[in-house]
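In what follows, chains carry the letters A, B, and so on, assigned in the order in which the sequence lines appear, proteins first and then strands, with residues in each chain numbered from 1.
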Amino acid sequence: MARHLITSAIPYINGIKHLGNLVGSQLPADLYARYLRARGHEVLFLCATDEHGTPAELAAAKAGKPVAEYCGEMHDVQADIAARFGLSFDHFGRSSSPQNRRLTQAFAARLADEGLIDEVEQQQIYSPTDGRFLPDRYVEGTCPNCGFEDARGDQCDNCTKQLDPEELVSPRSTISGATDLEMRATKHLMLRQSAMKDRLDQWIDSKVDWPVLTTSIAKKWLHDGDGLQDRGITRDLSWGVPVRRGDAEWPGMEGKVFYVWFDAPIEYIACAQEWVDAGKGSDWGRWWRTDQGADDVRYTQFMGKDNVPFHTLSFPSTIMGSNEPWKLVDYIKSFNFLNYEGGQFSTSRGRGVFMDQALEILPADYWRWWLLSRVPETSDVEFTWETFQVDVNKDLADVLGNFVSRITKFCRSKFGEAVPEAGSYGPAEEALIAELTERVARYQTQMDAIELRKAAQELRAIWAAGNEYLQAQAPWSTFKTDPDKAAAQVRLALNLIPLYANLSAPFIPDAAAKMLRAMRVADMVWPENVPEALALLPAGHGFEVPEVLFAKISDEDRNAWSERFAGTRD
RNA sequence: GGCGUUAUAGCUCAGUUGGUUAGAGCGAACGACUCAUAAUCGUUAGGUCCCAGGUUCAAGUCCCGGUAACGCCA
């Protein structure tokens, strides 16, 4: 038994995430966490909402609420949806927590003490009326390119030209409408990532078993152009972690906050503290401090490819640069993007399926299976309603669901609702047991390696093996000539159900639970020994024929959903 | 405009450090079975691995050029 720390990239607070966000981090992290727990490992699986920054302020303003209140509400909404998707976080924290505030400020102080923070002066737009500096998105004006009057500070929505806010003709504040804007000098903190370059380079080079997607992105940022650049870690906003040097004031940094990308990954650590403070655990140090036992922990991070630079370079800069005994990540599993019907999922345009909508139309297991079995591991992957319908109907309804249905109903009609006793296993049964032993071993190997598509493929083959066995042995024919032999065949086939449930639970936890309930098995137990696991249900053990595990998706449903999710979010 | 990614069967995707007849699932055709959610099981067909060069005994795999699609950035 080992200890595994697992974190998923933390989703941003402003709104409900779509399936592309889900499949890129939280869902595969959950699969891995569930699998490791099932194998008897000690797991701490953490996630949180990423709450700071301008988009949160804008979303709160749009909702007409104070930003803290807005974030609190959205956190609860996201936590609820995550739970309904079966995401088994040990704690779902918040980057705006007091724990994260303290920790972020402490890290900044350490980095400054280590000489890894520079103070630099920059010119930025200031609004005397609002009494604050304005980030790009808080400035609007006339586009210098096309004359559009409501161009934003970062981009003109009319001609799509990318802009700098000072280029705008007659710029105004979007907060107050004030037009008396001026350029003022302001001081910011830069994290000297360039000074960490060689250490990071060696570290990344040592990770020969990491996915190519992860290391290639890291190396590109390390070596492209002038190499790894220093990064501003402060912003002129009010919503965020106030810039302080530990417990002390930071002269010249009054009214500023840390940049969201500085404090967000630190939340991985703070989240473990929140977990303890919430009374769910007793010791976070043994997970995060190498001087408190965390050297024994294997730490795995899950994220989409857009997050890789921050997790391979920025956050490690913070950890390494502190020269304190913090746990560094052992393995970074990164994913490509999921596309939607020939284009991108789009939060702003409401294109694609969002987590809440997904659960309105189908149970979580349908989505979990499809997304996890085709997770974008090596390239971007395309979601289409047609393939979703075909894949889910085939795998879940026809192969797995129908297997459970056919064997329980056949047993009920010929032997009653209990495992039949007569007969004994012959060569065909031994061959099936041997095949499954081999396949389960392969399945475990793939899961251990976090090769998720291959693992799903093996699991599908394990399901199909039951159908192949029944088809070849045909107990419905055997029964006419040799009822005892048919009884033995049925006994083995019934025993496949709890085996399948236990193996499948990381992918489809709800259906797995239903299968075990129908077979009157109380606990999930991983089949470490397949022959023993296939003797779990003794002769005479009662069961029920379960409800249809997976109803099929009809063409009408598919067409209706395809239309509903094509354009704007309803 | 700059940078990057991708290009393999009708569809969605695998193809490990270059090494024998290029794989899977779905879809299609045909057959078997009739216990089951008209489900299952088997067999078969289908590919100039985008185009054009190059390196090599050997290229889907490496290099150069082109084309196309997509993405990112200022």
Quiz item: Starting at CG of Leu432(A) and ending at P of C41(B), how long is that distance when rounded to a whole Å?
Solution: 13 Å

Quiz item: Between A24(B), U40(B), C13(B), which nucleotide gets closest to the side-chain atoms of Gln457(A)?
Solution: A24(B)

Quiz item: Per the atom types in the model, does the base of A39(B) pair as donor or acceptor with the side chain of Asp398(A) at under 3.5 Å?
Solution: no

Quiz item: Ion pair present between Glu544(A) and Arg517(A), side-chain N to carboxylate O less than 4.0 angstrom?
Solution: no

Exercise. Figure out the CD/C1' separation between Glu377(A) and U6(B), and round it to whole Å.
Key: 18 Å

Quiz item: Can Phe410(A) be called stacked on C35(B) when the rule is centres closer than 5.5 Å and an angle between planes below 30°?
Solution: no

Exercise. Check every atom of C13(B), C11(B), U37(B) against the side chain of Val548(A) and return the nucleotide holding the closest atom.
Key: U37(B)

Quiz item: Which part of the nucleic acid does Leu470(A) contact within heavy-atom distance under 4.0 Å: base, sugar-phosphate only, or nothing?
Solution: nothing

Exercise. For Phe403(A), answer base if it contacts any base atom (sugar-phosphate contacts may also be present), sugar-phosphate if it contacts only those atoms, and nothing otherwise; contact means non-hydrogen atoms under 4.0 Å.
Key: nothing

Quiz item: Val404(A) near the nucleic acid: base, sugar-phosphate alone, or nothing, with a heavy-atom cut-off under 4.0 Å?
Solution: nothing

Quiz item: For the base of U12(B), is there a side-chain donor-acceptor partner from Glu382(A) under 3.5 Å away?
Solution: no

Quiz item: Under a 4.0 Å N-O cut-off, is there an ion pair linking Lys454(A) with Glu458(A)?
Solution: no

Quiz prompt | Among U37(B), A32(B), C13(B), the nucleotide that comes nearest once only the side chain of Arg453(A) is considered | solution = C13(B)

Practice problem: Search all heavy atoms of Pro316(A) against all heavy atoms of Leu200(A) and return the closest pair with its distance. | Solution: CB-CD2, 3.8 Å

Quiz item: Among C41(B), U34(B), U40(B), which is the nearest nucleotide to the side chain of Trp476(A)?
Solution: U34(B)

Quiz item: For Trp370(A) and Lys305(A), take the nucleotide of RNA chain B holding the closest heavy atom to each; which residue's nucleotide lies nearer the 5' end?
Solution: Lys305(A)

Quiz item: Of all the choices, C41(B), U37(B), C11(B), which nucleotide is nearest to the side chain of Thr387(A) once you look at every atom?
Solution: C11(B)

Quiz item: Is the shortest side-chain N to carboxylate O distance from Asp330(A) to Arg298(A) below 4.0 Å?
Solution: no

Quiz item: Asn307(A) CG to G71(B) P: how many Å, rounded?
Solution: 19 Å

Quiz item: Can you give the dot-bracket line for RNA chain B, using ( ) for pairs inside the strand, [ ] for pairs that cross earlier ones, | for pairs with another strand and . for unpaired bases, where Watson-Crick and G-U count if both distances are under 3.5 Å?
Solution: (((((((..((((.....[...)))).(((((.......))))).....((.((..]....)).))))))))).

Quiz item: Hey, are the side chains of Ile407(A) and Tyr469(A) touching, using non-hydrogen atoms and a 4.5 Å cut-off?
Solution: no

Practice problem: Would you mind telling me which of G25(B), C26(B), C41(B) lies closest to the side-chain atoms of Arg460(A)? | Solution: G25(B)

Self-check item: cation_pi(Arg235(A), Tyr259(A)) dist<6.0 Å, angle<=45
Solution: yes

Quiz item: According to a strict under-4.0 Å criterion, is Lys552(A) in side-chain N/O contact with OP1 or OP2 of A39(B)?
Solution: yes

Quiz item: Taking Phe388(A) as the fixed residue, which of Phe383(A), Phe565(A), Tyr340(A) is the one that meets the ring-ring contact (aromatic ring centres under 6.0 Å, His included) rule?
Solution: Phe383(A)

Quiz item: Between Val390(A) and Phe337(A), which is nearer to the 5' end of RNA chain B once each is assigned its nearest nucleotide?
Solution: Val390(A)

Quiz item: Roughly how many Å is it from CG in Asn467(A) to C1' in A36(B), rounded to a whole number?
Solution: 9 Å

Exercise. Return the value, rounded to whole Å, for the distance between atom CD1 of Ile462(A) and atom C1' of A24(B).
Key: 16 Å

Quiz item: Rounded to the nearest Å, what distance is computed from the CZ atom of residue Arg406(A) to the P atom of nucleotide C35(B)?
Solution: 10 Å

Quiz item: Pick one for G46(B): is it syn, with its angle within 90° of 0, or anti?
Solution: syn

Practice problem: State, yes or no, whether a side-chain contact exists between Pro363(A) and Asp510(A) at a heavy-atom distance under 4.5 Å. | Solution: no

Quiz item: If you look at every strand shown and take non-hydrogen atoms under 4.0 Å, does Ala474(A) touch a base, only sugar-phosphate, or nothing?
Solution: nothing

Practice problem: Please find out if less than 6.0 Å separates the ring center of Phe479(A) from that of Phe415(A). | Solution: yes

Quiz item: Between Phe415(A) (CZ) and A36(B) (P), how many Å, whole number?
Solution: 14 Å

